[in-house]
Amino acid sequence: MSIIADDSDFEKIPKDKKNPIIKPDAVEFDRNFENCIRPKTFDTYIGQTALKETLKITIKAAKKREKPLDHLLFYGPPGLGKTTLAGVIAQETGVDIKITSAPALERPRDIIGILMSLQGGEILFIDEIHRLNKVAEEILYPAMEDFYLDMTTGKSQTVKTLRVPLPKFTLIGATTKAGELSGPLRDRFGIIHRLEFYTVDELAQVIKRTAGILDIEIDEEGAKAIASRSRGTPRIANRLVKRVSDYALVKYDGKITRDIANKSLDILKIDEYGLDTTDRSLLRLIIEKYDGGPVGIETIAAAIGEDVRTIEDVCEPFLLQAGLLQRTPRGRKVSPATYRHLGYKTKQQTTQQSLF
Ligand code: ADP
């Protein structure tokens, strides 16, 4: 079996926009690094236990019925393993996978081309599926539901509609914003799952596995120290283990211990919650300039020089889940825990002090 998006195949794919089979937004280095440490089977895919069990049963049932899997939608913040899981499903089902992303499917011919290139049973993975345009969505509906394409030929009075059959395939969609998916598209997925943030123990396993592949020496406490600052996200854990390893190699004998991990993460300005300088300046801004909020996301973005999408997709999910940020109809606000974490007096403490 060959998975189209595997390392060797990836190198053959031109990065040209005309070819929609890409893994977008990934710097070359990151892509190679990620591909070599990406788990390929359920056994090596750590955590997400309930989801894995459900998927194993779904795969077994599909095999018994000798039918392709139902279309699946995975949602959750970036770096939690949606793309990886799609590859695992392909491997475990014994079928090929084509990987693309909604922004690469701008023109009708992009999506038509990719659908017509599918072989029976194959998996089509569309990342950032909430960004599909209306035309691409309309093309997908009959393809997902009844496996055909409606194509038109000719002009004005001579226009004809052709119904082109497609092989049966499984669409796996991934999104960081399930809420932005149109209702009709969401309804066409048989299985919809949210990926959860990982626990420190799970991330420590991810880190030890990655360290093993990259030949990095690390002890249990070192792995846990990195895990606890990885914001519940395997992609971040993998990046940090690499950076800490550089530090351990240059400053010490190369082995990562708790002490070395903590020292290098301090140097990288990643605090014990896993917050980096962008997160902290966002939270500080709300405290110092807006008295804890609420304040609109556009104002925050302009003030800290980040774009709204990066804040919403990358920074916010973890800050919300950690209870350091709250979304209200009038904008974002921080919690008393944020004041404490960043070393500010809470509003209550300040009021009490001024009373005495
Ligand atoms: P997403 O598609 O959700 O943005 P990816 O699937 O690209 O995330 O995962 C990011 C990186 O994290 C991958 O390179 C992979 O090695 C690692 N990873 C993700 N999930 C797991 C997991 N469950 N076990 C081990 N490593 C994982």
Side-chain angles (χ1 to χ4, degrees), residues 3-7 10 22-56 72-92 97-104 123-131 171-178 192-214 216 218 223 226-227 230-243 274 309-310 312-318 321:
I3 293 181
I4 285 235
D6 254 353
D7 321 66
F10 239 130
I22 56 160
K23 176 76 178 103
D25 301 330
V27 180
E28 189 74 12
F29 167 79
D30 280 349
R31 205 172 61 184
N32 289 336
F33 170 62
E34 280 201 352
N35 276 336
C36 88
I37 55 175
R38 221 183 259 287
K40 302 274 192 288
T41 59
F42 278 130
D43 288 344
T44 47
Y45 188 93
I46 293 152
Q48 310 291 347
T49 320
L51 171 55
K52 275 196 309 193
E53 287 317 307
T54 313
L55 289 173
K56 281 181 192 169
L72 291 138
L73 178 69
F74 295 138
Y75 68 98
L80 290 194
K82 300 181 287 297
T83 312
T84 309
L85 194 53
V88 168
I89 292 171
Q91 177 87 20
E92 299 275 358
I97 178 167
K98 285 198 168 87
I99 297 186
T100 187
S101 146
I123 292 177
L124 172 62
F125 177 78
I126 305 184
D127 203 4
E128 299 188 75
I129 196 158
H130 62 277
R131 292 173 69 185
L171 176 68
I172 303 185
T175 176
T176 48
K177 293 186 172 164
I192 301 182
H193 276 293
R194 178 190 142 111
L195 272 81
E196 304 292 343
F197 282 109
Y198 292 65
T199 63
V200 169
D201 283 342
E202 287 166 348
L203 286 180
Q205 284 183 57
V206 172
I207 289 166
K208 284 187 285 177
R209 177 179 173 275
T210 302
I213 295 170
L214 301 180
I216 293 169
I218 188 165
I226 300 176
S230 297
R231 310 166 66 109
T233 309
R235 180 179 290 141
I236 297 178
N238 284 337
R239 286 226 178 108
L240 292 183
V241 72
K242 186 120 198 328
R243 308 219 33 203
R309 185 174 284 159
T310 308
E312 282 183 340
D313 290 357
V314 182
C315 305
E316 273 194 353
F318 179 74
Q321 122 110 19

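Just so you know, ligand 1 is whichever comes first in the structure, and atom 1 is the first atom listed for that ligand.
When each atom of ligand 1 is checked for a heavy atom of Thr84 under 4.0 Å away, the hits are 5 (P), 6 (O), 9 (O), 13 (C), 15 (C), 19 (C). Close contacts between ligand 1 and Asn238 involve ligand atoms 12 (O), 16 (O), 17 (C) [criterion: under 4.0 Å to a heavy atom]. Those atoms of ligand 1 that come under 4.0 Å of a heavy atom in Pro78, given as number and element, are 4 (O). Of all the atoms in ligand 1, the ones that sit under 4.0 Å from a non-hydrogen atom of Ile37 are 16 (O).
The heavy-atom pair separating Pro78 from Thr233 by the smallest distance is O-CG2, 3.6 Å.
The environment of CZ in Arg243 is sparse: at most 12 heavy-atom neighbours from other residues, nucleotides or ligands sit within 6.0 Å.
Using a non-hydrogen distance threshold of 4.0 Å, Phe74 does not register as a contact of ligand 1. The shell of residues lying under 4.0 angstrom from ligand 1, judged by heavy atoms, includes Gly79. Distances from ligand 1 to the non-hydrogen atoms of Gln48 include no value under 4.0 Å.
Residue contacts with ligand 1: Thr83 is placed with a nitrogen or oxygen under 3.5 Å of a nitrogen or oxygen of the ligand (distance criterion only). Between Pro234 and ligand 1, not a single N/O pair is under 3.5 Å apart.
With hydrogens and angles left out, the side-chain atoms of Tyr198 and Gln205 include no donor and acceptor closer than 3.5 Å.
Distances from atom 19 (C) of ligand 1 to the heavy atoms of Ala237, Gly47, Ala174, Gly81 put Gly81 nearest.
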